[in-house]
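Presented below is the structure to which this report refers.
So you know, we letter chains A, B, ... as the sequences are listed, proteins then strands, and number each from 1. Since the structure is predicted, the reported quantities are computational estimates derived from the model, not experimental observations.
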There are 2 protein chains.
Amino acid sequence: MRPTIKDIAERAGVSKTTVSFALNDPGRISEETYKRVMAVVTELDYVPNPVARTLTTKRLGALGLLLPQPITEALRNPYVVEIIRGIGELCAERELSLTMLPPMRGRVIEAARRAFVDGLITIGVGPDHEVVELLNKRHIPFVTIDGVDTEATVNVGVDDEAAAYSLMAHVLGLGHRRIAVLALMPETIKLPEERYSLVRDRRLAGFSRALAELGLSLGSPGICVVPAESSIEGGDAAVSAILASSSPPDLAPTAIVAMADAVALGAYEACRRVGLAIPADLSVAGFDDIPTAAGAMPPLTTVRQPGREKGAAAAALVVELLDGGDDLAHEALHRRLDTELVIRQSTAAPKD
Amino acid sequence: MRPTIKDIAERAGVSKTTVSFALNDPGRISEETYKRVMAVVTELDYVPNPVARTLTTKRLGALGLLLPQPITEALRNPYVVEIIRGIGELCAERELSLTMLPPMRGRVIEAARRAFVDGLITIGVGPDHEVVELLNKRHIPFVTIDGVDTEATVNVGVDDEAAAYSLMAHVLGLGHRRIAVLALMPETIKLPEERYSLVRDRRLAGFSRALAELGLSLGSPGICVVPAESSIEGGDAAVSAILASSSPPDLAPTAIVAMADAVALGAYEACRRVGLAIPADLSVAGFDDIPTAAGAMPPLTTVRQPGREKGAAAAALVVELLDGGDDLAHEALHRRLDTELVIRQSTAAPKD
DNA sequence: TTTGTATACTTAACCGGTTTAGTAATTCGG
DNA sequence: CCGAATTACTAAACCGGTTAAGTATACAAA
């Protein structure tokens with residue numbers, strides 16, 4: 001059996017307290033005793049049990065990331081990876097580990113319940129969500145990414161509505177009138193009250209506003225909204241379906257506007273397979289500006305949002321909350337980062 | 001203050017034990033008592049402290065991934081992301097969370113010491129590594145990925161030597177004789193004994209064997225080995241430096257053989273910047289076959305190794321060890337997955 | 001009526017550390 | 001030489017749960 005502090009104490013002929021001091025605060029005991037204790041520690045290969053320590057110190061040295069999907073699926077979206085990398089920056093700075101918490105028993109809240117973390121970051125959880133309630137009960141500080149800016153929660157996000165507006169305005173400005181919008185999927189739909197996809201709604205609102213300026217709407221003929229999983233595969237599948245079902249073909253969309261670059265790059269795959277040229281035959285626009293967007297062929301038109309910074313900002317806020325920043329001002333607790341429309345070569349005026 | 005089980009017990013007029021039963025094994029108490037206890041639980045917003053529970057149950061419900069670099073850097077390599085996704089498959093299946101453990105205080109072992117996990121997966125740690133010793137002391141089952149197949153450790157990997165040989169043989173077969181090898185960097189180099197990069201050595205051995213068949217070696221004129229960070233940026237920087245320092249230019253390499261696809265794609269960037277065409281002016285080969293390798297322009301020649309499967313296999317082994325599989329056969333504990341040379345369009349015969 | 005056996009609950013020990021409060025011995029100031 | 005302060009250490013409480021062992025009551029069987 002693995003040795004405990006008690007074993008060390010007995011063998012060294014001292015109390016548990018003395019062993020604890022030797023390990024954590026050697027200045028409090030004599031040089032001689034210290035050496036004796038440490039000799040036994042080495043002899044028995046003693047390593048303190050971090051869980052037991054936590055019970056009293058109440059610090060785990062870990063941040064958590066609550067995911068709305070299984071890890072495998074979530075990481076399929078490079079944008080999520082960017083967010084994690086941002087959180088990673090703070091982990092390095094503060095010597096923390098990062099725990100990814102996928103839904104358990106199909107529920108996000110179940111993961112939150114079991115989380116061994118000092119603080120949490122959530123993606124896309126609304127302020128009225130049951131998870132918020134639970135975390136407050138557990139007294140675990142948390143920050144939402146892409147949530148909602150209310151008094152109730154600390155949030156980091158962007159102006160999704162405005163960003164979406166600018167993207168759609170660009171596409172409409174090129175002359176497109178038959179457009180397929182590839183929308184984010186509500187990731188976890190086990191229970192109706194788990195309402196993710198605030199982001200989805202806000203971006204749809206932005207698209208609508210741009211369309212409205214031309215007297216159009218998301219329901220107009222030629223305009224359609226199709227859900228797609230946030231991955232290359234998801235985009236590929238959705239666009240393949242759209243192209244296959246467009247009959248007659250001259251009523252097919254002339255532009256694809258995706259809510260994630262990964263989905264847009266999936267559209268590239270679908271086009272390649274059926275021999276459509278981008279942007280000559282079909283314009284494609286994305287959202288996020290993931291690292292591979294600029295290097296794609298053709299380079300992808302998209303809205304840049306700073307994924308790493310989002311993650312880093314959220315983690316920084318969690319750490320601030322942990323450091324006792326209960327009295328932080330509202331504006332210090334709500335960060336809205338900038339977005340930028342990046343026009344590259346995947347969008348052009350329609351042929352006809 | 002957050003309520004504890006004691007508070008619930010007092011308020012409900014029962015013992016702590018009864019509360020514990022109500023929460024974990026309701027069948028053991030009467031319907032009536034159960035309701036009374038749960039009413040108080042709801043009233044006081046009680047959520048059990050998972051850390052305290054762990055002290056006796058000894059199950060955290062978490063796997064750990066020991067990273068040789070900070071999270072931010074590690075995730076820059078899509079291949080690492082694939083491995084994580086593989087681990088994620090098992091996490092979903094077994095309802096586990098996944099903790100990423102970057103080095104702490106510059107040392108991997110320090111992260112291993114503090115890890116709150118049931119089992120660990122390490123990347124690239126050798127069997128003689130101090131981390132191995134520590135984990136044995138802590139009685140934490142662990143599996144290495146890309147480590148070494150010895151009795152001492154449970155490992156999942158591929159035949160790196162053979163894979164590297166086939167890749168180099170392909171490049172040499174096309175006629176290339178001036179080749180730059182972009183090698184993995186020893187990730188953590190705080191201490192000399194933290195010897196990562198077993199993979200690097202084995203792949204170099206494979207390259208050497210292929211070269212030796214033509215009477216060449218890694219030290220021959222025209223052949224050079226340059227370290228590059230495992231990321232697009234790292235590959236870009238390394239290749240830019242190589243191209244800039246090749247004077248006269250007609251002694252520049254005609255082929256780049258990278259040990260990671262991310263690095264090879266970085267070479268694409270460098271070539272694009274200086275106007276070199278791939279493969280006309282320069283052949284580029286990678287290693288891993290990350291998801292974007294096939295979609296790159298031109299599609300990347302590489303050696304496929306199954307990243308997701310590696311992660312999934314490692315996680316499956318950890319879980320088996322956790323389930324008490326101490327008596328598993330050696331072959332059951334060492335998995336060697338297949339690789340495959342994938343020839344695409346980024347390699348061709350040299351011009352001259 | 002006695003014995004045996006569920007049932008429903010409690011007491012107390014335990015997990016493995018940290019920390020508070022306290023004791024004994026030594027040093028120091030006046 | 002006495003009281004105060006310091007040093008070195010320990011006993012016991014504590015963190016917040018789980019669980020083995022034990023008790024009291026009700027009910028069934030002998």
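- Here salt bridge (charged side-chain N to carboxylate O under 4.0 Å, His left out) pairs that include residues 42-58 of chain B, with residues two or more places apart or in two chains, are K137(A)-D45(B), R11(B)-E43(B).
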Report, one pair per line, the protein and nucleotides 19-23 of chain D atoms (nitrogen or oxygen only) whose separation is under 3.5 Å.
unit_1: dT19(D); atom_1: O4; unit_2: T17(B); atom_2: OG1; d: 2.7

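- Each of L134(A), L317(A), L120(A) was checked for a side chain to side chain contact (heavy atoms under 4.5 Å, CB included) with F142(A), and the lone residue meeting it is L120(A).
- Listed by residue number, the members of residues 2-13 of chain A with any heavy atom below 4.0 angstrom from DNA chain D are G13(A).
- Of the listed nucleotides (dT10(D), dC15(C), dC9(C)), dC9(C) has the atom at the smallest distance from the side chain of T33(B).
- If you measure from atom CZ of R114(A) to atom P of dG16(D), you get 22 Å, rounded to the nearest angstrom.
- With sequence neighbours excluded, the residues forming a side-chain contact (heavy atoms from CB on, under 4.5 Å) with A313(B) are V156(B), R335(B), listed by chain and number.
- Here the straight-line distance linking atom OH of Y46(B) with atom CG of D7(B) works out to 9.0 Å at 0.5 Å rounding.
- A straight line from CD of E31(B) to P of dT7(C) spans 15 Å, rounded to a whole angstrom.
- From L96(B), atom CG reaches atom OG1 of T99(A) across 12.0 Å, with rounding to the nearest 0.5 Å.
- Between L60(A) atom CG and dG16(D) atom P there is a gap of 13 Å when expressed in whole angstrom units.
- Remark: R36(B) engages no residue in a side-chain hydrogen bond (donor to acceptor under 3.5 Å, both in side chains) (not counting sequence neighbours).
- We find that NZ of K35(A) is positioned 17 Å from C1' of dA8(D), with the value rounded to whole Å.
- Looking only at side-chain heavy atoms (C-beta outward), I145(B) and N155(B) stay at 4.5 Å or farther from each other.
- Remark: E73(A) engages no residue in a salt bridge (charged side-chain N to carboxylate O under 4.0 Å, His left out) (not counting sequence neighbours).
- Counting non-hydrogen atoms under 4.0 angstrom, S15(B) reaches a base of the nucleic acid.
- At dT10(C), one or more side-chain N or O atoms of T18(B) fall inside 4.0 Å of OP1 or OP2 (strictly under the cut-off).
- Using five terminal pairs a side, the axes of the helix from dT1(C)-dA30(D) to dG30(C)-dC1(D) at its two ends make an angle of 50°, given in steps of 10 degrees.
- Of the candidates dT10(D), dG17(C), dC9(D), the closest approach to any side-chain atom of V14(A) belongs to dT10(D).
- Residues passing the salt bridge (charged side-chain N to carboxylate O under 4.0 Å, His left out) test with R94(B), sequence neighbours excluded: D323(B).
- Side-chain contact between L63(A) and S97(A): absent, with no pair of heavy atoms (C-beta onward) separated by less than 4.5 Å.
- Distance CD (E32(A)) to C1' (dT7(D)): 14 Å, rounded to an integer number of Å.
- Atom CG of N136(B) and atom CZ of R2(A) lie 12.0 Å apart (nearest 0.5 Å).
- Residue R59(A) contributes atom CZ, which lies 13 Å from atom P of dT19(C) at whole-angstrom precision.
- If you take CD1 on I84(A) and CG on L75(A), they are separated by 5.0 Å, rounding to the nearest 0.5 Å.
- Going from atom CG of L55(A) over to atom P of dC15(C) covers 14 Å, rounded to whole Å.
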What protein N or O atoms touch nucleotides 25-28 of chain D N or O atoms at under 3.5 angstrom, if any, and at what distances?
none

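- Residues of residues 40-48 of chain B that place a heavy atom closer than 4.0 Å to DNA chain C do not occur.
- A donor and an acceptor atom, one from each side chain of S20(A) and T17(A), are nowhere located under 3.5 Å apart.
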Side-chain donor/acceptor pairs under 3.5 Å, residues 110-117 of chain A, sequence neighbours excluded:
unit_1: E110(A); atom_1: OE2; unit_2: R105(A); atom_2: NH1; d: 3.4

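- T57(A) and T54(A) form no side-chain donor-acceptor contact under 3.5 Å, judged by distance and modelled atom types alone.
- Under the side-chain contact (heavy atoms from CB on, under 4.5 Å) criterion, T56(B) pairs with no residue at all, not counting sequence neighbours.
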